[in-house]
Amino acid sequence: MSPDASEPRFEALADDAWLIHPAGVDDAAAADINATIAVHRFAARLRSAAPAWLRDLVPAWTSLAVFFDPERIDAEDARAWIAAQDAGEDREAPGSSSRIVEIPVRYGGAFGEDLDAAAAELGLTPDTLAARHRAPLYTVAMIGFAPGFPYLGGLDPGLALPRLATPRTRVPAGSVGIGGAQTGIYPRESPGGWRVIGRTPLTLFDPQRASPSLLAPGDRVRFVAIDDDAFARLVRAP
């Protein structure tokens with residue numbers, strides 16, 4: 001942990017925003033899911049207070065962007081208030097508990113073209129890799145890269161894999177991949193270099209929904225293996 005990690009660290013992100021690294025969270029711990037959970041708990045504390053000048057909160061792996069209304073509060077006053085919310089030993093906050101979302105995945109074959117090669121690289125069978133991949137309860141650290149793309153923390157360290165040397169020009173929507181020490185889901189067809197080990201039939205992002213993104217930062221995710229019939233059935237479902 002860095003020497004100043006016992007205090008929240010502030011960076012001016014814009015005239016109306018602070019980037020905060022909460023107390024006890026170190027940038028070097030980006031692969032530590034506990035650091036990510038701490039960021040989301042802090043975001044929940046600010047959200048539950050909901051001052052009139054608070055415009056938006058955008059959590060990431062080890063930091064939180066806080067956007068405020070500069071016509072309602074001075075930047076330094078906002079900073080002081082935020083720092084006060086980060087004080088104290090109790091890191092819990094009202095509303096900090098998150099929902100658990102089950103994501104069905106068809107692993108391997110035409111749905112996960114990198115599964116066999118990835119398993120061989122790790123010295124595992126494809127079934128073992130898939131089982132270990134779906135064993136953890138993941139946390140959505142942040143949404144980025146593309147609308148609805150969840151960066152999930154909590155991957156078994158033994159499954160970490162480098163990205164492809166040459167990214168694909170087309171990765172199907174719903175593809176579940178491993179990139180470094182993270183796992184994620186492509187919400188729509190796009191280029192990408194993550195190792196694709198499976199695919200979900202769920203729609204991760206739909207602008208017509210009341211909440212376009214299926215997942216939100218702080219959500220917990222559990223992967224569930226399905227077969228071809230279940231995949232086809234879920235594709236046809238509303």
Side-chain angles (χ1 to χ4, degrees), residues 17 30 33 36-37 39-40 43-44 47 55-67 95-115 130 133-134 136-155 161 163-164 167-226 228 230-238:
I33 192 58
T36 303
I37 291 172
V39 169
H40 287 292
R47 191 175 292 112
R55 282 181 166 172
D56 198 9
L57 298 168
V58 183
W61 282 96
T62 59
S63 63
L64 174 67
V66 179
F67 293 83
S96 62
S97 60
S98 54
R99 60 180 183 149
I100 296 177
V101 182
E102 289 194 346
I103 303 293
V105 178
R106 174 64 172 93
Y107 285 94
F111 298 92
E113 55 189 299
D114 294 324
L115 180 64
H133 177 263
R134 63 179 181 268
L137 183 61
Y138 295 92
T139 297
V140 180
M142 57 188 246
I143 301 293
F145 168 61
F149 186 104
Y151 287 86
L152 304 176
L155 180 71
L161 288 161
R163 291 167 173 78
L164 296 173
R168 293 187 174 92
T169 57
R170 176 186 174 276
V171 177
S175 292
V176 176
I178 294 175
Q182 305 165 24
T183 190
I185 311 170
Y186 287 80
R188 62 184 181 186
E189 181 180 312
S190 67
W194 291 35
R195 307 290 190 97
V196 177
I197 62 172
R199 194 184 309 167
T200 179
L202 301 187
T203 300
L204 271 288
F205 187 83
D206 181 352
Q208 302 304 315
R209 291 192 301 228
S211 298
S213 182
L214 177 66
L215 299 171
D219 283 347
R220 311 302 295 278
V221 169
R222 177 181 291 117
F223 290 112
V224 179
I226 58 173
D228 290 351
F231 189 98
R233 186 168 61 252
L234 288 170
V235 166
R236 293 193 300 268

Report the distance from atom [atom1] of [X] to atom [atom2] of [Y], rounding to the nearest 0.5 Å.
{"X": "Met142", "Y": "Leu64", "atom1": "CE", "atom2": "CG", "value": "12.5 Å"}
{"X": "Phe231", "Y": "Phe111", "atom1": "CZ", "atom2": "CZ", "value": "4.5 Å"}
{"X": "Ile226", "Y": "Arg106", "atom1": "CD1", "atom2": "CZ", "value": "8.5 Å"}
{"X": "Glu102", "Y": "Leu137", "atom1": "CD", "atom2": "CG", "value": "10.0 Å"}

query: Among Leu202, Ile185, Val221, which one satisfies side chain to side chain contact (heavy atoms under 4.5 Å, CB included) with Leu214?
result: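 Single side chain to side chain contact (heavy atoms under 4.5 Å, CB included) partner of Leu214 among Leu202, Ile185, Val221: Leu202.
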- request: Determine, stepwise, if the pair Asp114 / Arg168 fulfils salt bridge (Lys or Arg N to Asp or Glu O under 4.0 Å).
  value: CA-CA 12 Å; Asp114 294 324; Arg168 293 187 174 92; 2.6 Å; yes
query: Given side chains that start at C-beta, do those of Ile103 and Arg222 come closer than 4.5 Å, heavy atoms only?
result: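 Not in contact.
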query: Taking C-beta and beyond as the side chain, do Val101 and Leu215 meet within less than 4.5 Å on heavy atoms?
result: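 Yes, close enough: below the 4.5 Å cut-off.
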So which atom in [X] and which in [Y] form the shortest heavy-atom distance, rounded to 0.1 Å?
{"X": "Leu234", "Y": "Pro201", "result": "CB-CG, 3.6 Å"}
{"X": "Phe205", "Y": "Pro187", "result": "CB-CB, 4.2 Å"}
{"X": "Phe145", "Y": "Tyr151", "result": "CB-OH, 3.3 Å"}
{"X": "Pro150", "Y": "Val140", "result": "CB-CG1, 4.1 Å"}
{"X": "Pro217", "Y": "Ile143", "result": "CD-CG1, 3.8 Å"}
{"X": "Ala43", "Y": "Leu57", "result": "O-CD1, 3.5 Å"}

- request: Starting from the C-alpha separation in whole Å, work towards a yes-or-no answer on side chain to side chain contact (heavy atoms under 4.5 Å, CB included) for Phe67 and Val58.
  value: CA-CA 8 Å; Phe67 293 83; Val58 183; 3.9 Å; yes
- request: Determine, stepwise, if the pair Arg134 / Val224 fulfils side chain to side chain contact (heavy atoms under 4.5 Å, CB included).
  value: CA-CA 7 Å; Arg134 63 179 181 268; Val224 179; over 6 Å; no
query: Are the aromatic ring centres of Phe223 and Tyr138 under 6.0 angstrom apart?
result: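 Ring centroids of Phe223 and Tyr138 are less than 6.0 Å from each other.
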field: With Glu189 via side chain to side chain donor-acceptor pair (under 3.5 Å) - residues at least two apart
entry: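 With neighbours one apart ignored, the set is Arg170.
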Distance-only check: which donor-acceptor pairs under 3.5 Å involve side-chain atoms of residues 173-184, not counting sequence neighbours?
| residue | atom | partner | partner atom | Å |
| --- | --- | --- | --- | --- |
| Ser175 | OG | Pro172 | O | 2.8 |
| Thr183 | OG1 | His133 | NE2 | 2.9 |
| Thr183 | OG1 | Gly177 | O | 2.7 |

- request: Give every residue pair that meets the side chain to side chain donor-acceptor pair (under 3.5 Å) criterion with at least one member in residues 191-216, sequence neighbours excluded.
  value: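 Counting only pairs at least two positions apart or across chains, the side chain to side chain donor-acceptor pair (under 3.5 Å) contacts touching residues 191-216 are Glu121-Arg195.
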